[in-house]
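Only one structure is covered here, and it is reproduced in the block below.
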Amino acid sequence: MRPHTRLAGLLGLSALLLAGCGIRPTEVPTEFGAAPTRVGCSLSGTDGVETRTGGQFPVQIYLVCTSQLVTVDRTVTLERGQSSERTMVAQQLLAQLAQRPSAEESQAGYSTDVSAKLKVSGPGKDDPAEALRLSTPPDDLSPFALAQIVCTFANSKMTTTQSGAHVVLGGPGDDPLRDYECTDAVKARPGNIPAPAETVG
């Protein structure tokens with residue numbers, strides 16, 4: 001028998017033996033465990049903030065994670081009666097948005113685009129009662145910051161308009177007021193899709 005014929009026969013026999021053992025000879029064995037996965041935008045032990053006493057109220061704000069808006073549970077402190085004042089609630093929510101994410105939040109990929117210098121106040125003299133005015137015109141904010149503010153305010157029953165998922169915002173002075181809507185598209189791509197807005201007369 002020629003050498004190359006003998007080699008071919010041995011290879012064929014080996015394949016038969018492997019097949020008989022239930023082993024597919026063409027597969028490459030994996031000995032390094034499961035493929036690594038990247039888990040982001042997830043915080044341990046955050047199953048919601050329970051209602052607390054002593055003027056503390058659970059709220060949710062929107063932070064940025066993997067270029068999307070994701071809710072995070074926070075607690076704000078309001079004096080007696082302030083929980084019903086839209087402006088006071090908005091100020092507390094804005095302060096939470098401007099707060100630097102905790103070490104755990106940062107490690108999970110959360111960030112905020114809202115500046116600590118930004119302030120919010122109630123309606124001006126001729127504004128509708130539901131209006132809120134920012135110290136910087138909304139058009140001058142980054143897309144992420146505006147989306148965070150719109151969706152955080154719209155998500156709060158204490159700061160939304162009667163129709164829900166909307167918030168009326170404007171800048172200082174005579175800056176035009178607009179009715180902003182927080183949509184699923186805005187939450188998914190806040191950097192590319194601006195919050196729908198209609199000018200309020």
Side-chain angles (χ1 to χ4, degrees), residues 46 48-64 69-102 105 110-184 186-187 190 193-201:
T46 55
V49 179
E50 296 180 357
T51 303
R52 302 181 184 182
T53 58
Q56 292 185 317
F57 296 85
V59 296
Q60 284 189 327
I61 64 170
Y62 279 90
L63 296 182
V64 181
L69 294 187
V70 183
T71 55
V72 173
D73 295 320
R74 293 283 175 83
T75 301
V76 298
T77 301
L78 296 167
E79 301 297 332
R80 182 185 297 272
Q82 289 183 340
S83 60
S84 61
E85 297 181 11
R86 296 176 65 258
T87 302
M88 295 298 299
V89 174
Q91 289 172 350
Q92 290 286 341
L93 292 174
L94 187 63
Q96 290 294 326
L97 286 171
Q99 183 176 306
R100 179 177 297 181
S102 66
E105 290 169 347
Y110 290 85
S111 65
T112 184
D113 227 37
V114 178
S115 170
K117 297 180 180 180
L118 188 64
K119 306 299 179 185
V120 62
S121 59
K125 181 179 178 181
D126 298 322
D127 293 343
E130 68 271 19
L132 294 169
R133 286 196 174 272
L134 302 173
S135 58
T136 297
D139 288 344
D140 293 345
L141 299 175
S142 73
F144 284 102
L146 181 57
Q148 283 183 259
I149 294 169
V150 167
C151 287
T152 295
F153 286 178
N155 189 49
S156 171
K157 294 181 180 179
M158 294 179 283
T159 56
T160 55
T161 62
Q162 292 182 352
S163 57
H166 290 250
V167 61
V168 177
L169 292 176
D174 296 330
D175 189 66
L177 290 171
R178 294 186 178 92
D179 186 332
Y180 291 89
E181 181 182 5
C182 176
T183 64
D184 290 338
V186 173
K187 296 176 188 177
I193 299 179
E198 293 184 4
T199 301
V200 177

Which atom names give the shortest non-hydrogen contact between [X] and [Y], and what distance separates them?
{"X": "P128", "Y": "L177", "result": "CD-CD1, 3.6 Å"}
{"X": "S115", "Y": "A98", "result": "O-CB, 3.6 Å"}
{"X": "A147", "Y": "L69", "result": "O-CD1, 3.6 Å"}
{"X": "V59", "Y": "T75", "result": "CG2-N, 4.5 Å"}
{"X": "P138", "Y": "G171", "result": "CD-N, 3.5 Å"}

Is the shortest side-chain heavy-atom distance between [X] and [Y] below 4.5 Å?
{"X": "V76", "Y": "M88", "value": "no"}
{"X": "I149", "Y": "Y180", "value": "no"}
{"X": "Q99", "Y": "T112", "value": "no"}
{"X": "V64", "Y": "P190", "value": "no"}

So, using side-chain contact (heavy atoms from CB on, under 4.5 Å) as the criterion, who are the partners of [X] when residues are at least two apart?
{"X": "P194", "result": "none"}
{"X": "S135", "result": "L118, K119"}
{"X": "I193", "result": "A185, V186, R189"}
{"X": "E198", "result": "none"}

With sequence neighbours excluded, tell me which residues meet side chain to side chain donor-acceptor pair (under 3.5 Å) with [X].
{"X": "D113", "result": "S142"}
{"X": "Y62", "result": "K187"}
{"X": "Q91", "result": "none"}

| D140: partners by salt bridge (charged side-chain N to carboxylate O under 4.0 Å, His left out), with sequence neighbours left out |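 Applying salt bridge (charged side-chain N to carboxylate O under 4.0 Å, His left out) to D140 gives none.
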| Taking it one step at a time, do V70 and L63 satisfy side-chain contact (heavy atoms from CB on, under 4.5 Å)? | CA-CA 5 Å; V70 183; L63 296 182; 5.9 Å; no
| query | Taking only residues at least two apart or on different chains, which pairs with a member in residues 165-176 satisfy salt bridge (Lys or Arg N to Asp or Glu O under 4.0 Å)? | reply |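 Matches after skipping sequence neighbours: none remain.
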Rounded distance [0.5 Å steps], [atom1] in [X] versus [atom2] in [Y]:
{"X": "T152", "Y": "L93", "atom1": "OG1", "atom2": "CG", "value": "7.0 Å"}
{"X": "Q148", "Y": "L141", "atom1": "CD", "atom2": "CG", "value": "10.5 Å"}
{"X": "I61", "Y": "R74", "atom1": "CD1", "atom2": "CZ", "value": "4.0 Å"}
{"X": "T71", "Y": "Q60", "atom1": "OG1", "atom2": "CD", "value": "4.5 Å"}

| Checking side-chain contact (heavy atoms from CB on, under 4.5 Å) for the pair L78/Q92: CA distance, chi angles, key distance, verdict? | CA-CA 8 Å; L78 296 167; Q92 290 286 341; 3.5 Å; yes
| request: Identify which one of V120, L169, D127 satisfies the side chain to side chain contact (heavy atoms under 4.5 Å, CB included) criterion when paired with R133. | output: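 Testing R133 for a side chain to side chain contact (heavy atoms under 4.5 Å, CB included) against V120, L169, D127 leaves exactly one candidate, D127.
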| Any pair counted as disulfide (SG to SG under 2.5 Å), so long as it reaches residues 110-157, sequence neighbours left out |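 Listed by first then second residue: C151-C182.
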